[in-house]
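Some notes on the structure that comes next.
Only this structure's heavy atoms are used, side chains among them; waters, hydrogens and symmetry mates stay out. These numbers were taken from a predicted model, which means no experiment stands behind them. Positions are given from 1, in the same order as the sequence printed here.
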Amino acid sequence: AGFHASSQAVDLSGKSYSLILDFILDNSKSNLNAYWLGRIDYSDAWKLQKVIQQNVINEKINNVILFLEHNSVYTLGKNADLNNLLPARPKGIDVIQSDRGGEITYHGPGQLVGYPIIDLKKYRRSITWFMRSLEQSIIDMLNEINICSARKEGLTGVWVDDNKIAALGVRLSRWVSMHGFAINIHTDLSLYRGMIPCGISDFGLTSVAKLKGKDYPLLYISNLMIKNIQKMLIHEERKKVEYV
């Protein structure tokens with residue numbers, strides 16, 4: 001089919017919800033269409049994902065990936081244990097029940113959130129493949145900025161030694177994904193003290209800034225991620241062609 005995609009995220013930061021949505025619905029013709037939304041509320045981003053997902057399901061647009069950062073929020077996965085939300089958490093941070101898989105997580109400024117809205121029917125109908133591939137694309141991106149990371153057997157996410165640097169949680173509808181991943185770039189890690197991240201109490205947390213001693217712009221990291229996600233999709237597309 002030949003893979004053509006945007007190699008850089010289109011910058012829609014600071015635009016209104018309706019302008020963002022109109023632009024995405026009018027312009028997502030490539031195999032993978034990437035957008036940078038800047039700082040956006042969790043509920044707005046969630047609403048946006050649902051509309052985009054419906055349009056991808058109905059084949060009105062092609063795959064989309066949204067990159068953004070959220071205002072501080074704790075979100076609960078469908079089966080999250082409320083005991084993982086601690087009484088000591090900072091007051092004034094919203095807690096939102098979401099429809100993704102996974103446990104509780106924190107989103108906030110300085111954390112790069114990626115929401116891939118991708119039709120897995122074009123690649124592989126496997127949520128496990130998709131999750132592992134997203135983890136791999138994060139590992140490859142971190143490698144490019146000289147951070148050595150890995151998976152942990154039996155756990156979701158990306159780790160640097162025993163510290164988690166990226167969390168994942170997705171939801172599929174008719175094999176089209178939504179929600180996605182969150183990578184700590186220059187996140188205030190103290191805000192994680194209000195919860196047991198993803199229900200795992202044995203391990204700590206880290207961020208790119210903590211490991212590298214410098215702040216990378218989120219848009220720069222987004223563009224590295226686009227390249228690595230494209231690689232994973234192209235690889236799968238080629239494999240599919242070879243096996244036909």
I'd like to check [X] versus [Y] (side-chain heavy atoms, cut-off strictly below 4.5 Å). Are they in contact?
{"X": "Leu233", "Y": "Tyr123", "value": "yes"}
{"X": "Thr75", "Y": "Ile104", "value": "no"}
{"X": "Pro116", "Y": "Leu134", "value": "yes"}
{"X": "Ile183", "Y": "Gln111", "value": "no"}
{"X": "Asn163", "Y": "Leu205", "value": "no"}
{"X": "His107", "Y": "Tyr42", "value": "yes"}
{"X": "Ile24", "Y": "Leu66", "value": "yes"}
{"X": "Ile138", "Y": "Phe181", "value": "yes"}

To the nearest 0.5 Å, what is the distance between [atom1] on [X] and [atom2] on [Y]?
{"X": "Ile61", "Y": "Ser30", "atom1": "CD1", "atom2": "OG", "value": "11.5 Å"}
{"X": "Glu237", "Y": "Gln230", "atom1": "CD", "atom2": "CD", "value": "11.0 Å"}
{"X": "Arg151", "Y": "Glu135", "atom1": "CZ", "atom2": "CD", "value": "5.0 Å"}
{"X": "Leu12", "Y": "Leu21", "atom1": "CG", "atom2": "CG", "value": "11.0 Å"}
{"X": "Lys210", "Y": "Ile165", "atom1": "NZ", "atom2": "CD1", "value": "10.5 Å"}
{"X": "Leu219", "Y": "Ser13", "atom1": "CG", "atom2": "OG", "value": "8.0 Å"}

- Residue pairs, two or more places apart or on separate chains, that pass salt bridge (charged side-chain N to carboxylate O under 4.0 Å, His left out) and touch residues 73-101: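 Salt bridge (charged side-chain N to carboxylate O under 4.0 Å, His left out) check on residues 73-101 returns Asp99-Arg171.
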
Taking the side chain from [X] and the backbone from [Y], do they hold a donor-acceptor pair closer than 3.5 Å?
{"X": "Asn62", "Y": "Lys29", "result": "yes"}
{"X": "Ser177", "Y": "Leu172", "result": "no"}
{"X": "Asn58", "Y": "Gln54", "result": "yes"}
{"X": "Asn55", "Y": "Lys60", "result": "no"}
{"X": "Gln97", "Y": "Gly77", "result": "yes"}
{"X": "Asp11", "Y": "Tyr35", "result": "no"}
{"X": "His70", "Y": "Ile40", "result": "yes"}

- Task: Could you label the plane-to-plane angle of the Trp46 and His179 rings as parallel, tilted or perpendicular, counting under 30° as parallel and over 60° as perpendicular?
- Result: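 Judged by the thresholds at 30° and 60°, the geometry between Trp46 and His179 is tilted.
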
Taking all non-hydrogen atoms of both residues into account, name the closest pair between [X] and [Y] and its distance.
{"X": "Leu112", "Y": "Trp36", "value": "CD1-CZ3, 3.9 Å"}
{"X": "Leu120", "Y": "Ser126", "value": "CD1-O, 3.9 Å"}
{"X": "Asn223", "Y": "Ala9", "value": "OD1-N, 2.8 Å"}
{"X": "Ser149", "Y": "Val160", "value": "CB-CG2, 4.0 Å"}
{"X": "Ala34", "Y": "Phe67", "value": "CB-CE1, 4.4 Å"}
{"X": "Glu103", "Y": "Asn79", "value": "OE2-O, 3.8 Å"}

Establish, from distance only, whether the side-chain atoms of [X] and [Y] form a donor-acceptor pair under 3.5 Å.
{"X": "Asn71", "Y": "Asp41", "value": "yes"}
{"X": "Tyr192", "Y": "Asn184", "value": "yes"}
{"X": "Glu144", "Y": "Asn228", "value": "yes"}

Could you tell me which residues satisfy side chain to side chain contact (heavy atoms under 4.5 Å, CB included) with [X], sequence neighbours excluded, listed by chain and number?
{"X": "Ile145", "result": "Met141, Leu142, Ile147, Val208, Tyr216, Tyr220, Ile221, Leu224"}
{"X": "Ser72", "result": "Ile93, Tyr106, Pro109, Leu191"}
{"X": "Lys152", "result": "Leu155, Trp159, Asp162, Phe203"}
{"X": "Ser173", "result": "Gln53, Ile57"}

- Kindly indicate whether a cation-pi arrangement holds for Lys15 with Phe23, taking the cut-offs as under 6.0 Å to the six-membered ring centre and within 45° of the axis.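 The answer is no; the distance or angle limit is not met.
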
- Message: side chain to side chain contact (heavy atoms under 4.5 Å, CB included) for Gln136 and Ile229? Distances and angles first, verdict last.
- Response: CA-CA 9 Å; Gln136 191 57 49; Ile229 289 171; over 6 Å; no

- Item | Flag if over 12 foreign heavy atoms under 6.0 Å of NZ, Lys47 |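 Atom NZ in Lys47 is crowded, with more than 12 foreign heavy atoms closer than 6.0 Å.
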
Results of salt bridge (Lys or Arg N to Asp or Glu O under 4.0 Å) for [X] - residues two or more places apart only:
{"X": "Lys121", "result": "Asp119"}
{"X": "Arg39", "result": "Glu69"}
{"X": "Arg125", "result": "none"}

- Task: Inspect the contact between Glu236 and Lys122 and indicate whether a charged nitrogen and a carboxylate oxygen are less than 4.0 angstrom apart.
- Result: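 Salt bridge absent between Lys122 and Glu236.
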
Verify same cluster id: [X], [Y] (apolar side-chain graph, 4.5 Å):
{"X": "Leu48", "Y": "Val51", "answer": "yes"}
{"X": "Ile52", "Y": "Val10", "answer": "yes"}
{"X": "Tyr17", "Y": "Ile96", "answer": "yes"}

- Apply side chain to side chain contact (heavy atoms under 4.5 Å, CB included) to the pair Leu85 and Tyr74, showing each step before the final yes or no. CA-CA 9 Å; Leu85 194 61; Tyr74 294 113; 4.1 Å; yes

Considering residues at least two apart in sequence or located in another chain, which fulfil the side-chain hydrogen bond (donor to acceptor under 3.5 Å, both in side chains) criterion with [X]?
{"X": "Lys212", "answer": "none"}
{"X": "Ser98", "answer": "none"}
{"X": "His186", "answer": "none"}
{"X": "Ser137", "answer": "none"}

- Item | Intermediate values then yes/no, side chain to side chain contact (heavy atoms under 4.5 Å, CB included), Trp175 and Arg124 | CA-CA 9 Å; Trp175 292 107; Arg124 197 191 296 189; over 6 Å; no

